[in-house]
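Here's the structure we're looking at; comments come further down.
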Amino acid sequence: EVALVEPDKQVDSVCPYCGVGCQLTYNIKDDKILFVEGRDGPANNSRLCVKGRYGFDYVHHPHRLTKPMIRRADAPDKHGDFTLDPNDIDKVFREATWEEALDFAAKGFVGIRDSMGPNALAGFGSAKGSNEEAYLFQKLIRTGFKTNNVDHCTRLCHASSVVALLECLGSGAVSNPVADVDKAEVIVVIGANPTVNHPVGATWIKNAARKGHKLVVMDPRRTELAKHADHVLQFKPGSDVPLLNAIMHTIVEEGLVAPEFIAERTEGFDELQAHLKAYTPELMEPICGIPAETIREVARLYATADTAMILWGMGISQHVHGTDNARCLISLALMTGQIGRPGTGLHPLRGQNNVQGASDMGLIPMVFPDYRPVGDDEARQYFEELWQTPLDANPGLTVVEIMDAIHRGELKGLYIMGENPAMSDPDANHARQSLAELDHLVVQDIFLTETAYLADVILPASGFPEKTGTFTNTDRLVQMGRAAVSMPGDARQDLWIIQELARRLGLDWNYSGPAEVFAEIRKAVPHMAGITWDRLENEHGVVYPCFEEGDPGDWVIFTEDFPRGRGKFVPADVVPPDERPDEEYPYVLITGRMLEHWHTGSMTRRSNVLDALESQAVATVHPLTLDEMGITPGDLMTLSTRRGEVSVYARVDEGVPPGAVFMAFCYYEAAVNELSNAALDPAAKIPEFKYCAVKVSPGGEP
Ligand code: SF4
């Protein structure tokens with residue numbers, strides 16, 4: 001007979017992983033999470049994917065950081081070989097009191113600020129933290145460091161989508177929720193693999209397809225979602241713009257545009273129309289590898305549907321032409337009037353659980369909270385009054401630019417809260433060398449990440465189920481996450497740590513907790529002014545825009561007009577990938593994520609069930625290409641680019657296009673971002689994670 005362990009407490013919260021934002025309940029006994037159940041939230045209807053259901057025990061992992069630490073004077077050289085063993089932590093760091101660690105951290109920043117100027121400092125916040133943490137973090141960098149050098153991982157995921165949406169519509173927000181696919185006659189999913197990256201979101205799409213809604217999946221990889229699709233366009237990697245321009249060419253040529261919508265709500269159509277003339281499906285067919293007739297069929301299907309919705313992911317955004325890709329998708333919706341009504345619209349699927357919120361909170365170098373440009377006098381005056389201090393009018397540096405500025409010796413001090421650029425940045429060896437060159441690196445995290453290993457001070461922080469705060473999902477739904485278990489050892493709340501540092505930088509802050517920070521956020525972000533803390537406590541989640549208390553919030557936006565007035569068509573030319581295959585590096589390397597692991601793996605690889613499901617570094621290749629490489633599935637192979645080399649196990653996947661290799665970036669022992677290319681999209685400064693040249697040879701070091 002098996003005795004079931006009964007929980008002694010249940011706490012309602014949200015999932016800490018992806019932007020779908022599933023509501024869940026933690027079941028707890030003796031201050032430990034026993035299991036997790038889905039709750040009936042608007043984004044998940046009680047569903048959870050494998051990460052939400054089983055990815056919780058990382059918080060109880062013995063590797064948790066429990067004491068503040070300062071780097072030993074005799075620690076190994078930061079520039080030496082990169083090794084990471086949590087058991088050797090005492091050889092690199094010594095324990096410190098909170099007082100000593102915070103004083104040391106703050107003194108280092110003040111010294112650099114006062115000797116070299118504010119722009120010698122920067123901060124990376126986190127899209128995994130709450131809105132309150134993101135808000136206070138950027139406020140500290142802007143008012144304590146006195147620079148706009150503050151960014152976070154949105155730069156690495158949807159920066160290009162947001163640049164294009166702001167330029168063309170005046171708002172970076174999604175137009176309607178994922179679940180709206182249920183009202184869409186035609187659903188287009190492009191450059192996204194939601195079954196893996198937004199699994200519960202994918203269930204809405206699959207349900208709609210099962211009910212007879214038409215599903216078009218466009219991606220260089222044939223993903224699982226393709227099994228449910230009516231049309232699958234497996235285009236050549238990097239040929240998004242030619243394909244989308246050919247679709248738009250057809251719509252214009254066949255008179256399928258929405259003339260009234262174009263006349264009343266848009267500008268720049270004539271220029272786009274002239275630009276599209278050259279992009280005939282026949283001419284684009286060999287470039288994107290899709291038959292001209294298929295391009296025409298999909299164009300007709302989308303344009304003539306009563307309602308059609310486009311969802312996209314990082315296959316669109318992570319290119320040197322990422323902004324152009326998003327501009328094309330926006331033009332497609334505008335020319336057909338497929339936006340501003342239920343079941344129509346544009347939805348860039350947000351990656352992290354709070355990347356939408358962190359961006360709303362101004363964790364971005366060129367804008368204050370609510371996307372108000374730092375160079376805009378009126379906006380700056382508003383925040384100078386709210387924060388009672390003068391602010392810098394110059395946009396700060398982005399994530400990759402900060403790494404380059406460190407390399408040039410211009411930036412000396414960096415505060416990182418909950419991000420792991422040593423794993424997540426492109427050309428990770430370059431990023432690690434940059435981090436090693438800093439005079440002062442302060443890392444606030446829950447584990448000794450690859451980045452924390454290079455720190456001068458480590459501040460042990462709170463895990464997701466240990467704190468209360470608000471989180472904004474991909475649908476613009478602000479939801480309440482609640483503390484469920486205690487922090488281990490001397491770990492502290494992130495909000496407390498930020499405030500203690502702020503005080504030591506001369507800021508007179510005294511927030512009593514997240515509710516008081518949220519009250520200030522309502523003043524900084526008018527779109528959220530109607531959302532009160534009490535309401536979130538009672539309703540669990542409220543969608544914005546929500547300007548007034550009592551306002552239910554708008555699930556569908558852009559119904560009457562766009563925030564910039566008229567929607568703007570911006571034509572896009574073909575810009576090839578930065579580094580194309582050649583004789584020496586003959587294959588294309590595509591990076592991404594996998595179902596069982598999240599981003600750099602610091603949480604999911606410490607979750608027992610998830611790590612047991614996928615415990616070894618693998619890369620996937622089309623069987624014909626693997627055969628051509630002379631490699632047997634299951635064998636080790638070595639991937640090399642101009643920037644580095646990693647060894648991984650080979651796995652066959654017929655969905656990967658011939659001539660390409662796909663690998664997730666969650667493996668510290670085979671960090672694929674050591675290989676990726678740091679070339680940037682010129683408008684959004686997002687790196688080209690989705691394409692670089694690679695060579696592959698049999699064998700390697702496990
Ligand atoms: Fe968590 Fe996303 Fe999975 Fe939902 S779909 S359980 S939010 S990882």
Side-chain angles (χ1 to χ4, degrees), residues 11-27 33 35-59 126-131 153 157-158 174 177-181 189 192-208 223-225 311 313-314 347-358 463-465 469-482 484 540-541 543 592-611 613-614 664-666:
V11 178
D12 288 344
S13 190
V14 285
C15 175
Y17 291 108
C18 89
V20 172
C22 297
Q23 292 190 2
L24 51 75
T25 299
Y26 290 116
N27 288 271
I33 303 171
F35 61 95
V36 170
E37 291 171 301
R39 252 188 321 137
D40 192 14
N44 66 313
N45 264 8
S46 305
R47 300 164 206 176
L48 290 178
C49 79
V50 69
K51 286 188 284 284
R53 194 171 293 283
Y54 297 111
F56 59 85
D57 48 337
Y58 69 92
V59 278
S126 173
K128 254 216 182 314
S130 65
N131 286 325
C153 67
C157 59
H158 267 305
V174 300
V178 178
D180 231 24
V181 293
V189 178
N193 189 3
T195 318
V196 162
N197 298 317
H198 304 84
V200 169
T203 64
W204 297 104
I205 300 170
K206 291 183 208 171
N207 286 355
T223 60
E224 195 273 344
L225 195 63
L311 302 101
M314 281 153 230
H347 193 119
L349 287 154
R350 258 59 187 206
Q352 291 270 18
N353 61 331
N354 198 36
V355 68
Q356 178 67 59
F464 188 90
T470 66
F471 299 83
T472 308
N473 82 347
T474 189
D475 297 332
R476 295 178 268 104
L477 180 69
V478 184
Q479 306 192 95
M480 183 70 92
R482 294 180 180 85
H540 302 287
V543 73
R593 288 175 286 181
M594 65 195 315
L595 173 65
E596 294 79 2
H597 289 300
W598 184 255
H599 281 210
T600 65
S602 58
M603 290 155 69
T604 51
R605 295 202 75 194
R606 290 180 175 97
S607 295
N608 279 325
V609 171
L610 298 177
D611 197 47
L613 287 171
E614 281 289 358
F665 65 102
C666 55

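Whatever order the structure lists them in is the order used to number ligands and atoms, beginning at 1. Keep in mind it's a predicted model, so treat the numbers as computed, not measured.
Every atom of ligand 1 is numbered from 1 in the order shown, and the set under 4.0 Å from a heavy atom of G21 is 7 (S). Atoms of ligand 1 lying under 4.0 Å from any heavy atom of P199, numbered from 1 in the order shown and given with element: 5 (S). Near G52, with a cut-off below 4.0 Å to any heavy atom, the atoms of ligand 1 are 6 (S). Residue contact check: Y17 has heavy atoms under 4.0 Å from atoms 8 (S) of ligand 1. Residue contact check: V200 has heavy atoms under 4.0 Å from atoms 4 (Fe), 5 (S) of ligand 1.
Within a 6.0 Å radius of OH in Y26, more than 12 heavy atoms belonging to other residues, nucleotides or ligands are found.
Atom 4 (Fe) of ligand 1 has an N, O or S atom of C22 closer than 2.8 Å. Because the distance cut-off is set at 2.8 Å, C15 fails to qualify as a neighbour of atom 3 (Fe) of ligand 1, as none of its N, O or S atoms comes that close.
Looking only at protein heavy atoms, the nearest one to atom 2 (Fe) of ligand 1 is C18 SG, 2.3 Å. If you check which protein heavy atom lies closest to atom 6 (S) of ligand 1, you get C49 N, 3.4 Å.
Side-chain atoms of T604 do not come within 3.5 Å of backbone N or O of L610 as any donor-acceptor pair. Here the side chain of R476 pairs no donor or acceptor atom with the backbone of T472 at under 3.5 angstrom.
Shown here for A43 and W204, the closest heavy-atom pair between the two residues is O-NE1, 3.0 Å.
A donor-acceptor contact closer than 3.5 angstrom is absent between the side chains of N354 and S130. Of the N and O atoms on the side chains of N353 and K128, at least one donor lies less than 3.5 Å from an acceptor on the other residue.
Between Y58 and F464, the gap from one ring centroid to the other reaches at least 6.0 Å.
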